[in-house]
Amino acid sequence: MSYSTQITLPLALILLFGVSTSAQAQLNRHIGDPLNLATSVGIGFDADVLKVGGRLGGETQKVELNTNLGGDKWSLSYLYAPVGQGNNLNISAKINHGKTETEIGRLSHYQYQVGVISEFIGWYETLVFTEVAANYLSIDDHSSSNSFAANASVSMLKPWTDRWYNQVSTEVSAAIDGRERFEGTAWVSLGYRLTEQWSWEIRYRYEANRIDDVELEETKWVFAVQSQF
């Protein structure tokens with residue numbers, strides 16, 4: 001069993017058992033709100049890749065899993081969000097498994113991240129979410145590029161009507177241990193709530209990454225349908 005698997009499997013079990021399936025989700029959260037704790041399932045296309053996902057919500061926490069059908073790219077995340085307006089102690093944790101471009105080819109990686117999310121109401125009732133986090137990137141067969149990084153992100157959710165809404169987000173990571181690593185993401189989306197339980201969303205995303213001497217830029221269209229209950 002690999003070192004990454006030894007870490008990932010126990011942590012995944014801890015996250016899954018940490019959520020109470022009998023608890024009720026937080027009330028009055030928008031379906032596009034990242035602090036929404038309602039249980040949900042979803043399916044969508046990320047560029048030409050079909051992805052599925054879902055989350056198990058509780059009274060103050062949730063576990064969420066998203067993966068492509070091949071299972072070689074997935075993310076497992078946990079959120080602790082105590083009930084109450086003005087709360088600034090929302091704790092997030094995430095494991096991301098995917099592929100990274102290196103000078104010796106495209107290699108598998110695991111990224112572990114822990115952060116704190118805060119929220120406030122901005123202009124024209126826009127919901128603003130900020131996250132400050134730290135993460136560790138472990139690249140299989142290329143440990144010389146492993147690194148610790150600081151991460152910061154800002155997301156905005158603007159409901160225009162009872163059904164239409166927009167989201168805008170930016171995220172940046174940079175190495176803090178002397179390694180040459182930078183990751184940046186920005187996206188904008190348009191969503192439509194068919195009902196309180198169902199919505200669809202179309203998103204345009206830009207990504208830029210640099211690890212050592214390898215740079216990668218790409219843009220993607222994402223279309224997804226989500227149901228919460």
Side-chain angles (χ1 to χ4, degrees), residues 25-26 28-57 62-77 79 81 90 92 94 96-99 101 111 113 115 117 119-131 133 151-173 183-209 216-229:
Q26 266 183 316
N28 303 320
R29 285 287 186 181
H30 192 280
I31 196 169
D33 191 324
L35 298 182
N36 187 339
L37 301 181
T39 297
S40 73
V41 293
I43 187 170
F45 282 94
D46 185 342
D48 58 350
V49 178
L50 181 63
K51 291 188 173 182
V52 296
R55 66 173 181 253
L56 177 62
K62 69 179 178 181
V63 170
E64 187 167 356
L65 175 65
N66 293 283
T67 181
N68 63 0
L69 292 186
D72 61 333
K73 293 183 180 180
W74 53 262
S75 66
L76 176 66
S77 60
L79 174 70
N90 305 297
S92 67
K94 181 186 295 185
N96 176 276
H97 174 56
K99 304 291 184 179
E101 298 289 347
Q111 182 170 281
Q113 179 167 300
I117 302 174
E119 64 171 321
F120 65 92
I121 300 177
W123 291 342
Y124 303 106
E125 302 301 313
T126 300
L127 297 176
V128 181
F129 306 90
T130 61
E131 180 175 12
N151 175 279
S153 66
V154 178
S155 298
M156 292 178 287
L157 168 64
K158 174 57 181 175
W160 294 101
T161 68
D162 289 342
R163 297 187 180 274
W164 291 100
Y165 63 93
N166 277 118
Q167 289 183 285
V168 178
S169 180
T170 60
E171 182 174 3
V172 175
S173 292
E183 299 168 323
T185 303
W187 54 261
V188 60
S189 70
L190 174 66
Y192 182 79
R193 295 197 298 176
L194 301 170
T195 67
E196 288 294 323
Q197 286 73 41
W198 288 89
S199 75
W200 61 259
E201 188 170 319
I202 187 168
R203 179 181 299 180
Y204 182 73
R205 186 172 70 217
Y206 168 79
E207 297 179 0
N209 302 282
L216 177 65
E217 289 186 70
E218 60 181 343
T219 57
K220 294 181 179 179
W221 285 97
V222 179
F223 178 77
V225 176
Q226 177 180 249
S227 173
Q228 67 175 12
F229 48 92

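This is a predicted model, so every value here is computed, not measured.
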Which heavy-atom pair separates S173 from N151 by the least distance, and what is that distance?
OG-ND2, 2.6 Å
Partners of Y165 by ring pair (Phe, Tyr, Trp, His ring centres under 6.0 Å), sequence neighbours excluded?
H30
Side chain to side chain contact (heavy atoms under 4.5 Å, CB included) between R29 and L37, intermediate numbers included
CA-CA 8 Å; R29 285 287 186 181; L37 301 181; over 6 Å; no
E171 bridged to K94 by N-O distance under 4.0 Å
no
Provide the closest heavy-atom pair for S92 versus E131 in the form atom of the first, atom of the second, distance.
OG-OE2, 2.5 Å
Distance (rounded to the nearest 0.5 Å) between T170 OG1 and Y206 OH:
13.0 Å
Counting C-beta onward and ignoring hydrogens, is there a side-chain heavy-atom pair between V128 and I121 closer than 4.5 Å?
no
L190, CG atom: more than 12 neighbouring heavy atoms under 6.0 Å
yes
If I take atom CH2 from residue W74 and atom CG from residue N96, how far apart are they, to the nearest 0.5 angstrom?
8.0 Å
So does W160 have more than 12 non-hydrogen atoms from other groups sitting under 6.0 Å from CH2?
no
Just verifying a value: how many Å separate Y192 OH and I202 CD1, rounded to the nearest 0.5 Å?
15.5 Å
Side-chain donor or acceptor of Q167 paired with backbone N/O of G32 under 3.5 Å
yes
How many angstroms lie between atom CD of E207 and atom CD of E183, to the nearest 0.5 angstrom?
9.5 Å
Using atom types as modelled and distance alone, determine if a side-chain donor or acceptor of R55 lies under 3.5 Å from a backbone N or O of A38.
yes
Are any of the side-chain heavy atoms of K99 and D72 separated by less than 4.5 Å?
yes
Enter the distance from N166:CG to K158:NZ here, rounded to the nearest 0.5 Å.
9.5 Å
With the side chain counted from C-beta on, respond yes when R205 and D46 share a heavy-atom pair under 4.5 Å apart, and no when they do not.
yes
Would you give me the side-chain donor-acceptor pairs under 3.5 Å for residues 219-229, sequence neighbours excluded?
from : atom 1 : to   : atom 2 : distance (Å)
Q226 : NE2    : I31  : O      : 3.4
Q228 : OE1    : N36  : ND2    : 2.9
Q228 : NE2    : E196 : O      : 3.2

Sequence neighbours excluded, the answer for side chain to side chain donor-acceptor pair (under 3.5 Å) partners of R203 is E201
Once rounded to the nearest 0.5 Å, what's the spacing between atom OG1 of T195 and atom CG of D162?
12.5 Å
